[in-house]
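Notes follow the structure.
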Amino acid sequence: HADTAMYQAKKSGRNNYQFFRKELNAEVVERFSLERDISRALDRNEFILYYQPKIDLRSMGIVGAEALIRWNHPERGMVSPAKFIPIAEESGQIVGINRWVVKTAIEQWQKWISTGHVPGTVAVNMSGYQFAQQKVMNTVAEALELSGLDPEFLEIEITENILMQNISEAAAVLQQLKNMRVRIGIDDFGTGYSSLSYISSFKVDTIKIDRSFVMGCIEKPDNLVIIKTIIAMGQSLGIKVVAEGVETAEQLELIRQHGADMAQGYYFSKPVPPEEYIRLLDKKLY
Ligand code: C2E
Ligand code: MG
Ligand code: MG
Ligand code: MG
């Protein structure tokens, strides 16, 4: 019996090993294939920016949007940024992607404003890698200058984690953005370990409460405590607080009651293509 058991264990161990190797190979192949395709995607115009409306909770009107990249892959269809952005960050391809994103959003905004629309502000996500590179500064300055867009329409979002991982570099870049009159937003707030003193010294304009806290705020009292604390902190520091991932009327009511300034989420709208954002704006949906 003992022998049989040993044999079984060895056999399954070996199978597991081979299974594991196969999985690993598949993952590596997938990564390489995506990395190769990313390098062609910019030239082939496969990226598009979608815009998710940001709603002011006092007026209940749209006051701007977050630009979210979409990749229409010729064979795979839509590939989620959650999948390809991390790969692009590791390979360095993120530098080119971020440049395209900033340029595209700024040009779009300038175009809308010059044709009489009132699109509010546009928030663009910046990755840590690019952020630390300083190159982002040139990109932003160049794109603003070329388009003639008033810098106050632009907001740069960086995550709390990225900020805290590169404090000295991030501080320098944020200061330069401030000098240019570009707004600064901290994304996914509450998931990292920033101290209050840092947040106040960075002179950020907005803080986004991470979706994970908003999602469970009705069921989990702890989440609500965190939300209340972030809002109170924002109010005392003069920083606007945005709740992300608002999906239900109950969640909206709760974050409004506690004094959040703005909200974003499927309850209002998913991220939509440019034409659709303009339609939402002009219809004054909310
Ligand atoms: P993020 O910046 O925190 O963006 C919010 C994500 O939550 C978006 O996912 C958005 O579609 C989703 N979301 C918004 N409201 C709701 C809701 O009510 N419910 C649910 N379940 N989800 C909601 P998306 O577009 O897939 O982007 C994922 C992440 O990829 C972003 O997180 C950001 O970190 C990154 N990303 C997206 N676009 C860009 C980009 O242009 N540049 C860079 N560097 N990163 C980007
Ligand atoms: Mg964001
Ligand atoms: Mg976020
Ligand atoms: Mg996020």
Side-chain angles (χ1 to χ4, degrees), residues 52 54 66-69 80-90 94-95 97-98 101-102 123-134 136-137 140 154-178 182-217 219-247 251 254-255 258-265 271:
Q52 186 177 39
K54 195 189 283 181
E66 176 174 7
L68 292 155
I69 196 168
S80 158
K83 180 156 191 157
F84 73 86
I85 291 287
I87 296 176
E89 282 172 355
E90 226 166 89
I94 193 69
V95 175
I97 293 178
N98 279 341
V101 170
V102 168
V124 167
N125 293 285
M126 273 301 135
S127 292
Y129 179 85
Q130 163 84 341
F131 208 76
Q133 290 294 306
Q134 284 265 342
V136 64
M137 295 309 310
V140 171
L154 180 65
E155 178 169 313
I156 300 291
E157 277 187 17
I158 66 163
T159 66
E160 183 188 23
N161 282 316
I162 292 305
L163 181 64
M164 300 318 285
Q165 276 162 27
N166 311 279
I167 290 181
S168 55
E169 286 146 301
V173 175
L174 293 184
Q175 189 55 53
Q176 292 177 58
L177 287 171
K178 274 268 102 162
V182 171
R183 290 166 199 255
I184 298 157
I186 307 299
D187 206 353
D188 302 346
F189 194 81
T191 58
Y193 298 94
S194 51
S195 81
L196 297 184
S197 61
Y198 275 126
I199 289 305
S200 65
S201 68
F202 280 132
K203 308 256 180 309
V204 304
D205 299 277
T206 61
I207 280 176
K208 263 193 184 174
I209 304 175
D210 192 64
R211 199 169 84 215
S212 58
F213 301 111
V214 178
M215 255 165 46
C217 68
E219 299 82 10
K220 296 197 198 119
D222 283 0
N223 282 0
L224 190 57
V225 172
I226 292 169
I227 291 175
K228 281 191 209 168
T229 307
I230 297 175
I231 293 173
M233 182 193 80
Q235 281 172 345
S236 56
L237 294 174
I239 300 170
K240 297 263 185 239
V241 177
V242 185
E244 74 172 9
V246 174
E247 293 186 354
Q251 292 167 350
L254 210 64
I255 58 144
H258 290 100
D261 300 285
M262 285 170 270
Q264 242 180 281

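Worth knowing before you read on, the calculation uses all heavy atoms, side chains too, and leaves out hydrogens, waters and symmetry mates.
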Drop me the distance from [X]'s [atom1] to [Y]'s [atom2], to the nearest 0.5 angstrom.
X    : Y    : atom1 : atom2 : answer
T229 : H258 : OG1   : NE2   : 10.0 Å
F84  : I94  : CZ    : CD1   : 8.0 Å
Q175 : S201 : CD    : OG    : 10.0 Å
I255 : I230 : CD1   : CD1   : 12.0 Å
F213 : E244 : CZ    : CD    : 10.5 Å
L177 : F202 : CG    : CZ    : 12.0 Å

Can you check whether [X] reaches [Y] side chain to side chain, under 4.5 Å on heavy atoms?
X    : Y    : result
M262 : T206 : yes
I231 : I209 : yes
V101 : N125 : no
M233 : I207 : yes
T191 : E160 : yes
V173 : I156 : no
D187 : E66  : yes

query: Any chance the side chains of D261 and Q235 put a donor and an acceptor closer than 3.5 Å?
result: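 Short answer, no.
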T159 side chain to N161 side chain, donor-acceptor N/O pair below 3.5 angstrom: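 The answer is no; no qualifying pair exists.
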- request: Count the heavy atoms of every other residue, nucleotide or ligand shown that sit under 6.0 Å from NZ of K240, and state whether that count exceeds 12.
  value: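 Open: at most 12 neighbouring heavy atoms sit under 6.0 Å from NZ of K240.
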task: Take L174 and K203 through the test side-chain contact (heavy atoms from CB on, under 4.5 Å) and record every step on the way to the result.
output: CA-CA 8 Å; L174 293 184; K203 308 256 180 309; over 6 Å; no
Nearest heavy-atom neighbours spanning [X] and [Y]:
X    : Y    : value
L254 : C217 : CD2-SG, 3.7 Å
P81  : P86  : O-CD, 3.5 Å
P271 : L68  : CG-CD1, 3.6 Å
I97  : A88  : CD1-CB, 3.7 Å
G245 : Q251 : O-OE1, 3.9 Å

Say whether, by atom type as modelled, one donor and one acceptor occur between the side chain of [X] and the main chain of [Y] under 3.5 angstrom.
X    : Y    : value
E157 : G185 : no
E247 : M215 : no
D188 : D210 : no

task: Check the pair I186 / I158 against side-chain contact (heavy atoms from CB on, under 4.5 Å), numbers first and verdict last.
output: CA-CA 5 Å; I186 307 299; I158 66 163; 4.2 Å; yes
message: Working note: M126 + I162, criterion side-chain contact (heavy atoms from CB on, under 4.5 Å); need CA distance, chi angles, decisive distance, verdict.
response: CA-CA 10 Å; M126 273 301 135; I162 292 305; over 6 Å; no
field: I184 and its side-chain contact (heavy atoms from CB on, under 4.5 Å) partner, picked from V204, I239, L163
entry: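 The option that passes is V204.
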